[in-house]
Q: 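First, the structure itself, so that you have it in front of you.
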Amino acid sequence: MRTCDRVGSYPNLMSQLLRDYDELEITNEIRDRAAALPGRLKASDAIHVATAEMLGDELVSCVTYDEAMAAVARSRGLPVASRA
């Protein structure tokens with residue numbers, strides 16, 4: 001959402017995302033996986049990687065513009081789409 005807001009106007013984006021995608025809660029398991037990830041990730045990036053891991057075969061791609069997050073996700077075997 002934040003990136004989209006920086007590059008254009010998408011007045012219905014949040015309602016479209018909520019309609020088209022499931023919202024995933026941060027569980028204790030995701031929190032613990034995030035805390036155990038290697039590297040020096042920001043907390044939010046670690047939570048994203050840990051959540052992506054939990055999706056397993058349902059994950060199409062982990063999208064990020066953060067180089068550290070992309071590197072950790074790749075090291076964990078996740079498919080990554082990035083400009084990093």
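These numbers come from the heavy atoms of this one structure, side chains and all, not from hydrogens, waters or symmetry mates. No experiment lies behind these values; they were computed from the predicted model shown.
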Q: Could you tell me the separation between the CE atom of M54 and the CD1 atom of I26, rounded to the nearest 0.5 Å?
A: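 Rounded to the nearest 0.5 Å, the CE-CD1 separation comes out at 12.5 Å.
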Q: Taking ILVMFWY side chains as joined if any heavy atoms are under 4.5 angstrom apart, and letting links pass through other members, which residues group with L55?
A: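 Traced through the cluster, L55 reaches L24, L37, L41, V49, L59, M69, V72, L78.
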Q: N28: which residues meet the side-chain hydrogen bond (donor to acceptor under 3.5 Å, both in side chains) condition with it, sequence neighbours left out?
A: R31
Q: The criterion is side-chain contact (heavy atoms from CB on, under 4.5 Å); which residues satisfy it with A34, sequence neighbours excluded?
A: A46, I47, A50
Q: Mind jotting down which residue pairs meet the salt bridge (charged side-chain N to carboxylate O under 4.0 Å, His left out) criterion with at least one end in residues 14-30? Sequence neighbours excluded, please.
A: E29-R33
Q: Using the side chain to side chain contact (heavy atoms under 4.5 Å, CB included) rule, take E53 and I30 through it: C-alpha gap first, then chi angles, then the decisive distance, then the call.
A: CA-CA 9 Å; E53 284 187 319; I30 289 172; over 6 Å; no
Q: Hey, what else clusters with V80 if you join Ile, Leu, Val, Met, Phe, Trp, Tyr whenever side-chain heavy atoms sit under 4.5 Å?
A: none
Q: Taking the side chain as C-beta and beyond, is there a heavy-atom pair between R74 and S82 under 4.5 Å?
A: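 In contact.
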Q: Are Y21 and L13 grouped together when hydrophobic residues (ILVMFWY) are joined by side-chain heavy atoms under 4.5 angstrom apart?
A: yes
Q: side-chain contact (heavy atoms from CB on, under 4.5 Å) with A81: which residues, sequence neighbours excluded?
A: S61, V63
